[in-house]
2 protein chains.
Amino acid sequence: MQVHQVSGTAHRPGTTPRTAREGSDPSKATIVDVARAAGVSTATVSRVLNDHPKVGSQLKARVLQAIKELGYRPSRVARSLRTRRNRVWALIISDIRTGPFFADLVRGVEDVAHGAGYSLFLCNTDEDPAKERAYMELALAENVGGLVLTPSSERTDLSPLINARTPFVLADRSLPTAHADTVIVDNVAGAYQAVSHLLAGGFQRIACITGPLQTTTGERRYAGYGKALVEAGHEVDESLVRVADFREAGGLQAMRQLLSGSDPPDALFVTNHLMAIGALQAIDEAGLAIPSDIAVVSFDDPPWSTLLRPPLSAVAQPAYDVGVESARLLLSRLEGYSGVARTVTLSPTLVVRGSSVPVPRATLGRR
Amino acid sequence: MQVHQVSGTAHRPGTTPRTAREGSDPSKATIVDVARAAGVSTATVSRVLNDHPKVGSQLKARVLQAIKELGYRPSRVARSLRTRRNRVWALIISDIRTGPFFADLVRGVEDVAHGAGYSLFLCNTDEDPAKERAYMELALAENVGGLVLTPSSERTDLSPLINARTPFVLADRSLPTAHADTVIVDNVAGAYQAVSHLLAGGFQRIACITGPLQTTTGERRYAGYGKALVEAGHEVDESLVRVADFREAGGLQAMRQLLSGSDPPDALFVTNHLMAIGALQAIDEAGLAIPSDIAVVSFDDPPWSTLLRPPLSAVAQPAYDVGVESARLLLSRLEGYSGVARTVTLSPTLVVRGSSVPVPRATLGRR
DNA sequence: CCCTCCGAAGAAAACGATTTATAGAACTTC
DNA sequence: GAAGTTCTATAAATCGTTTTCTTCGGAGGG
């Protein structure tokens, strides 16, 4: 679809330049207009804009005056073209819907970026590799200074970024292939804590609903689940494990399956909060009580977890800090660091609430 | 803080041009490199890129070949500078944290934008007028094709956008001052439905926790609350109304205050889901039962509302459609529509669940 | 008094694309 | 075969900045 150009400024190469127009149309003033109004050259205006030292104070005043009068706003497009640099970052995230986690992450990146004089463009990929690729290309074509991204899958191709020598940082998810600066949460440790806690509570048949195993988060959290079981002398019972899609519908379906078996689980570890919603729904459908019939621990600690009865135990992630650390790594690259790739690992913390503490015998009897 | 430039490409004006380097550094190839490789002029390459009709098929093939070989990616910066147009929109939202509402809105805008060949940059203002202003300026300086924004307050100044003649649409919140294309949810109707429903249930002292009255949403939802009361022959009791900040903490505090009075409310209408979380927390602290002691209806219908006991009644907003309609309005401007400002109003729907249905006498007696 | 040096301001060349005017080549048509 | 007519492809101008390099005027030194 082609946009029809309203060609108010079109003119033949040989005719009078468009800067002939005066006064009106304030925001479209260019550096040439400013230079003319101040009676100086564009070079001088440019120097004032970037406050270079060697510019006379009275000239500077005149230029500033002209800038104000014309409402002049330098074109970042032209600047970016000339300097081959742009004080903007792109932050490519896989799904803004994924609750407070990405929101806090964004906030963390933004705070650091702003502090360092960068602005942030967000791009939402919906976990779609094609959109992810498109946004990477867009960011490069727009000449961003750097980018932070949460790769949608293990097969995400970073080569465009590498070829373009544009610095980037992976946040929340690592890629085994390319060694790049990465910030992750210690998913294994988080899952390990959660499952160990359930084991300590005496639960025997602990189920796990995890996300796609191609994602770091899905795979690592499952790994932590397995590690806790094995260390405690149990073995992983595949019939208690379901791989879903990190969404509500997936959690619902997985839990229904788990509960329909002949020997259903007495506890559940679910690796994100959306799937937790679905799973809790399924538990409710089945008329089971938490934690007496089945205990539950979730990954992600959404604000509503305390509203449930019983309140939901969960592994809280330092999302804001993931953002902050990602931004810091990116910043260090932009400031010239060109050494080996670094990985920052942050620890999640288990928050124990009612959904996972075993019910005392006396109460249990009442059931 | 100044980034040190690694000046690999710097050269004196008189010396050999940088395009002398061959082969390596694939992604930094320019249109000149492609032209050279294909043995044509840059004009021809440009025509191939924008598939203009008048270009010989074999030349076209040679050019495409060269593009592929060099891994050439046209610079959107240069293109945007030259054409004074950019197929990118900015979507400035006030707070990504505000649950699924903005997330769905973003998705709606994005779907339409992509369909029309536009990409989307998101900007998050945290309801901060300064950040909002800065992002508006950034979007203009980056020469975006258009923007969708959710103004942070009534005093948001749109004049930069108007002066720059960059088309824009207001989403979710309208501004009384400037008449601009706007898409809003019928907040009055939503609140009216919710409160009428409570009145029909026989509740007498219906409290309201709303957001800042400078925001359309805060003010209109409060207006709907008042309208329902007045139409039913009641009058608005100011002591039952609290203005908070649309966040959890605000809801918590407001509800604590409401419950501490001598004659507490028997029902609550709360105008967004974050404040609902806080309010529910306060109700729980006070040891009150829902709905027998106090009934609750919330604006926004988050996915977890069915998990509560009793499940939470709520006014569901067509967030995705707000996004879609906003994008459509913007698109029509970009396609040349230059008529009067339009306002699209979408209706929310009340979802009645257990938190607001009066308890039968028999059960009530048991309390 | 002349030469050198220094600093501030300007002229002009980039950056990488699009687009207009123009130059050729190929084809009619007489 | 020459003139007129299409077509294609190229040259060159242009978008709005930054950044050299150059220039110009004045200050300082011998």
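It should be emphasised that the depicted structure is a prediction, and the values quoted were computed from it without experimental measurement. The chains referred to below are lettered A, B, ... by the order of the sequence lines, with proteins before strands, and numbering in each begins at 1.
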Which nucleotide sits closest to the side chain of [X]: [options]?
X	options	answer
B:Val40	D:dT17, D:dA13, D:dT10	D:dT10
A:Thr30	C:dT18, D:dG16, D:dT10	D:dG16
B:Ala43	C:dA17, D:dA11, C:dT18	D:dA11
A:Ile31	C:dA17, D:dT18, C:dA11	D:dT18
A:Leu81	C:dT18, D:dT18, D:dG16	D:dG16

Roughly, in whole Å, what's the span from [atom1] in [X] to [atom2] in [N]?
X	N	atom1	atom2	value
B:Arg79	D:dC15	CZ	P	19 Å
A:Leu140	C:dG16	CG	C1'	16 Å
A:Arg84	D:dT17	CZ	C1'	14 Å
A:Glu142	C:dG16	CD	P	15 Å
B:Leu59	D:dA9	CG	P	5 Å
B:Arg82	C:dT18	CZ	C1'	5 Å
A:Asn86	C:dG16	CG	P	14 Å
A:Asn143	D:dG16	CG	P	19 Å

Item to check | Axis bend over the full length of the helix from C:dC1-D:dG30 to C:dC30-D:dG1, computed from five pairs that close each end, to 10 degrees | outcome: 60°
Checklist entry - Looking at side-chain heavy atoms only, is the closest gap between B:Leu149 and B:Met136 below 4.5 Å? => result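 Touching, per the 4.5 Å side-chain cut-off.
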Checklist entry - Is any side-chain heavy atom of B:Asp33 less than 4.5 Å from a side-chain heavy atom of B:Lys28? => result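 Sidechains of B:Lys28 and B:Asp33: no contact.
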Item to check | Near-strand residues of residues 45-54 of chain A, defined as heavy-atom separation under 4.0 angstrom from DNA chain C | outcome: A:Arg47, A:Lys54
